[in-house]
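The analysis underlying the following values was restricted to heavy atoms, covering all of them including side chains, and did not include hydrogens, waters or symmetry mates. Letters go in sequence order (proteins before strands), and every chain restarts at 1.
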Amino acid sequence: MDKTYQPEQIESRWYERWEADGRFVPSGEGKPFSIMIPPPNVTGSLHMGHAFQDTIMDTLIRWKRMQGHNTLWQVGTDHAGIATQMLVERKVAAEEGKSRHDLGREAFIDKVWEWKHESGGHITRQLRRMGASVDWSRERFTMDDGFYKAVQEVFVRLYSEGLIYRGKRLVNWDPTLHTAISDLEVENRDQQGQFWHFRYPLADGVKTDAGLDHLVVATTRPETLLGDTGVAVNPEDPRYASLVGKFVELPLVGRRIPIVADEHADMEKGSGCVKITPAHDFNDYEVGRRQNLPLINVFTQDAAILPRAEAFDFQGRPLPDIDTTLPEAYAGLDRFEARKRIVADMEAAGLLEQVETVSNTLPYGDRSGDVIEPLLTDQWFVAVESLAKPAIEAVENGDIEFVPKNYENMYFAWMRDLQDWCISRQLWWGHRIPAWYDIDGNVFVARNEVEATRQYLQELADFIEHEQGDFDTAMRLRSFDQLLGGTPELTSDALTTMEKLGVPRLTQDDDVLDTWFSSGLWTFATLGWPERGEDFRTFHPSSVLVTGFDIIFFWVARMIMLTLKFTGEVPFKQVYVHGLVRDGQGQKMSKSKGNVLDPIDLIDGIDLENLVEKRTGSLMQPQKAKAIAKATRDEFPEGIEPHGTDALRFTFLSQATTGRDIKFDMGRLDGYRNFCNKLWNASRYVLMNAEGQDCGANDDEPVELSLADRWIVSELQRTESQVTRAMQEYRFDQAAQALYDFLWNEYCDWYLELSKPVLWDEQASAAAKRGTRRTLVRVLEAILRLAHPMMPFITEEIWQRVAPLAGTATGDGSESIMVQPWPQAEDDKLDEAAGRDIAWLKGVIVAVRNVRAEMNIAPGKPLEVLLTKGSASDRERLEANRPFLAKLAKLESAVWLDDPEQAPLSATQLVGDMEVLVPMAGLIDKEAELARLAKEIDKQDKLIGAVEKKLGNDSFVAKAPAEVVEKERGKLADFQAARRVLAEQRDKIAAL
RNA sequence: AGGACCAUAGCUCAGUUGGUUAGAGCGCCACGUUGACAUCGUGGAGGUCGGCGGUUCGAAUCCGCCUGGUCCUACCA
């Protein structure tokens, strides 16, 4: 083995080997355990959040696999409608100078597929770097054939049950992307805005009670004035009671609009009058519905002013009687331009009463960054109420459990106030809505065009027969209908016949489905649904979903609703919610802030110039580049060193406290890289001392186990239970901590050192050496298995060499640590007596080291120590451990002093009641020792003071449990004894 | 406005049902390289557990209020 741990040389080699050996495929044996990966966007590249999440999932999967479960980690990617479409659009524009409209829908979709085949594998390749043991043979895509089938099925069934409907509704419209987006895709940002107070003249000579001829309304959106269809006042408002039912004349437009009484109007705010624009504001939409006002849309899809407005009722029917003329001057103006013009015109007309500056919140599209416009459009919706109910119950009754639990409240709060889900998107890339229209706009929802056409023919035949009495034509249509079917697409013969019959072909809806509609089917569509094959029966419901809290609404909630509806099962039994990975300062990582860390750079390292280039390369705001470059140079003056995947994974795990955001700490990453190095070197030591030696692998030779051997084996059992319990509770930080502590602070710091006197002692028996070698090897082998789910690569690399020595593998490379049994603690190997003996030994060694350090005695200088006040067991322990003391404390001798009075001047340390004396002659600085003793005495005094205070409190003695009081008394005695010894010593030295 | 979460060493974080001499890693100080590891070893310094009040024999831990921070939801016509 190399002297230094070099992860790059082992990691990809092992991954390829595992994959080639089919290690990631479900074993088909044991209890099923399955995790469905949250499918990353096919356009994506691995960021810290993925790396964190994938580490957690892989650790769970590897752990369960070692426990003998039939594990499936389902992998795949999401087609990510808007993101992918935008990316390919930009690419086509850059390479061919064409827009998607130049190409046309079909050609553009072909381009997207082409892109997907060429570049869509980026993120999955990166997943391999993380060591993710996903089953690549089942990789899925949310637009593959199976998904296509599942999506059609779900849509058609929801539609036939009336749970999907189409309607003209106000939606969040993105004027840049020309599509509706869901509430969740809207980001609200605080802004400074203006608040214009306008006068609306009363019509028909009516006056207010105060004698005015106008009402005052205030708005932040003057341009929507053109679409006002009413002015509301509060029904309780005495100032305007007489005006309800009267009209105002809408300025600039001249339309008469009614004054209505509605509780939406707040008497306290402004004048108490509010303009109502049902087609351009969500609140006004509700007011309009209550008050039966018309909807008047004044915007195009670009959010520019229409030359002529459009009027509808709430069923979406056009209202031809309403005068929809708009002032010509505004036609075609962008909304913000129109705003300026309208304010200017209102001012010119003397109708602008005042302008206030206010802070308000504006909705922005999270993809386009454009201001979202509430716009009246035809959209498809899922009626969620009936789906939400069982989804809430599943969490209430514990079928689905959130970890940590408090996320359930967030879930409930959202689910209980759910709006219908707008599922149509005006995009090209995605699952096209399976709905077809005839020339009259009648809709036919079906799994494919043939099915839709058959529905249409049926209806048409019925109509012709019953309404027109034309039996012959009806018959011909019906018999033609019989000929269809079998194929999902209309054959050319069928098309010809239709033409002959004078039946026009149906046209399919142009819209596609929201991405989350298909990813909502992820847990079961990946398992072959609508068929319920063996995979489905084995792996559904999945065991646990690992996801970020930010996606609970987008995805988790919708998965629960759709999965319950269509499979009758929950999608997963547990949801492990993790936090966000932030930078070292707690800032969200974002490209625009220039604080992004790429997990691959942490693994492979990156030099400073490349890192700066990466962070400043393609900024939206290039003026930030300088500051970002400086911050980067300050934080990483040497760039980033390679750390390896295992160290990165261990860092994530050690910071993975449930549900909490993590501030990524480079210091810890370095520390865990060192931890890997420690494991590496400890293994080198073991191999150097065991390879080619007799290490009792076959159990056929007698072994003699030393105290240290029995102790480390006992500690191993404790560590095994700790790690297992922590994993069960998703406390990866605790699992990592327990492992780290055991390996470094016990196995390396003490056990390896304790093994040296045995292995290097010529006198030691073969059985003793064999016992120590066997223990060295077997404990290490168990550590490797225990660590493998967290650090897969280094553990495999070392295990291949160690396991043959431990007798658990042949060493011919055909085996893998991946499928070795998870270490099980065995109670009969716990040895508390050995623990106490080792604690004593450590105490003596530390005591001597302490004196050396405090007294400036060279670490290598052999010492003669004296021991007094020892009990019989102290004497036994000394005899049993002389070689260890000699080696670890560098003692030349340790001699019992029968009469403490005879003690020469010494530096004294206490180990229990026993005193360890390091004679001062020629060694010790008197003043230094006095200072040290003073410090020690002071410390004891404080402890004594605290305990005395407690025991002096009568109610403590009276009310606290007897054992607690006893414990305090014991402490007091110990502290006092220690103080006495120290004080005696001080006096002795002082008297010198 | 409502709600959630957080506040422990210079930094990043642990601290299970109240009883600990409040811990870890990094950083810091001192000493140390012949036999696994300087990506190391040994020893050490460093904390009124955000503030105030309450419950209790006893509070980092439970309750209330306050301050500061993060986030979510709603509203701002």
I'd like the [atom1] distance from [M] over to [N], given in whole Å.
N	M	atom1	answer
B/G50	B/A59	C1'	16 Å
B/U61	B/A14	C1'	14 Å
B/G19	B/G58	C1'	7 Å
B/C28	B/C11	C1'	12 Å
B/G47	B/G64	P	31 Å
B/A60	B/A22	C1'	8 Å
B/C49	B/A9	C1'	10 Å
B/G51	B/G68	C1'	11 Å

N-O pairing of [X] and [Y] below 4.0 Å:
X	Y	answer
A/Arg221	A/Glu373	yes
A/Arg718	A/Glu746	no
A/Arg801	A/Glu691	yes

Classify the nucleic acid contact of [X] as base, sugar-phosphate or nothing, counting any heavy atom under 4.0 Å across all strands shown.
X	result
A/Lys756	base
A/Arg731	sugar-phosphate
A/Cys273	nothing
A/Phe664	nothing
A/Leu580	nothing
A/Arg582	sugar-phosphate
A/Thr4	base
A/Trp196	nothing
A/Arg221	nothing
A/Met410	nothing
A/Ala218	sugar-phosphate
A/Tyr672	nothing
A/Glu641	nothing
A/Glu753	base

Could you please name the partner base of [N], counting Watson-Crick and G-U wobble pairs only when both distances are under 3.5 Å?
N	result
B/G68	B/C6
B/U61	none
B/C49	none
B/U56	none
B/C13	B/G23
B/C28	B/G44
B/A74	none

Item checked: Covered region of RNA chain B, 5' end to 3' end, by chain A [heavy atoms, under 4.0 Å] -> B/C5 to B/A77
Item checked: Side chain to side chain, A/Leu597 and A/Asp583, heavy atoms closer than 4.5 Å ->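 No, too far: nothing below the 4.5 Å cut-off.
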Item checked: A/Gln587 and A/Asn595: side chain donor to acceptor below 3.5 Å ->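 No donor-acceptor contact under 3.5 Å links the two side chains.
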Next item on the list: Check each residue of residues 274-289 of chain A for a non-hydrogen atom within less than 4.0 Å of any atom in RNA chain B, then write out the ones that pass by number, or none.
Entry: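 Per residue number, the list reads A/Val274, A/Lys275, A/Asn283.
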Item checked: For RNA chain B, the residues among residues 843-850 of chain A that have a non-hydrogen atom under 4.0 Å from it ->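 Contacts with RNA chain B under 4.0 Å: A/Val846, A/Arg849, A/Asn850.
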Check: Can you check side-chain hydrogen bond (donor to acceptor under 3.5 Å, both in side chains) on A/Asn681 and A/Asn677, steps first, answer last?
Finding: CA-CA 6 Å; A/Asn681 278 294; A/Asn677 186 60; 3.3 Å; yes
Next item on the list: Could you pull out all residues at least two apart from A/Phe402 that satisfy ring pair (Phe, Tyr, Trp, His ring centres under 6.0 Å)?
Entry: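 With sequence neighbours excluded, A/Phe402 shows a ring pair (Phe, Tyr, Trp, His ring centres under 6.0 Å) to A/Tyr411, given in chain and number order.
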Next item on the list: Could I get the full list of ring pair (Phe, Tyr, Trp, His ring centres under 6.0 Å) partners for A/Phe195, not counting sequence neighbours?
Entry: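 Result, ring pair (Phe, Tyr, Trp, His ring centres under 6.0 Å) vs A/Phe195: A/His197.
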Notebook entry, point to check: Has A/Lys678 got its NZ or CZ under 6.0 Å from the middle of the six-membered ring of A/Tyr672, at an angle within 45 degrees of the ring axis?
Noted result: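 Not flagged: A/Lys678 not positioned over aromatic ring of A/Tyr672.
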Notebook entry, point to check: When the nearest nucleotide of RNA chain B is assigned to A/Gln734 and to A/Gln737 on a heavy-atom basis, which residue is associated with the more 5' position?
Noted result: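 Mapping each residue to its closest nucleotide by heavy atoms, the 5'-most match is A/Gln734.
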Check: Hey, which of these two, A/Trp760 or A/Gly584, hits RNA chain B nearer its 5' end, going by closest nucleotide?
Finding: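 Residue closer to the 5' terminus by nearest nucleotide: A/Gly584.
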Between [X] and [Y] (side chain of the first, backbone of the second, donor and acceptor by atom type, cut-off under 3.5 Å), is there such a pair?
X	Y	result
A/Asp281	A/Thr277	no
A/Trp680	A/Asp2	yes
A/Arg852	A/Ala858	yes
A/His643	A/Leu602	yes

Margin query: Enumerate the salt bridge (charged side-chain N to carboxylate O under 4.0 Å, His left out) contacts for residues 636-648 of chain A, please, sequence neighbours excluded, ordered by first and then second residue.
Written below: A/Glu641-A/Arg673
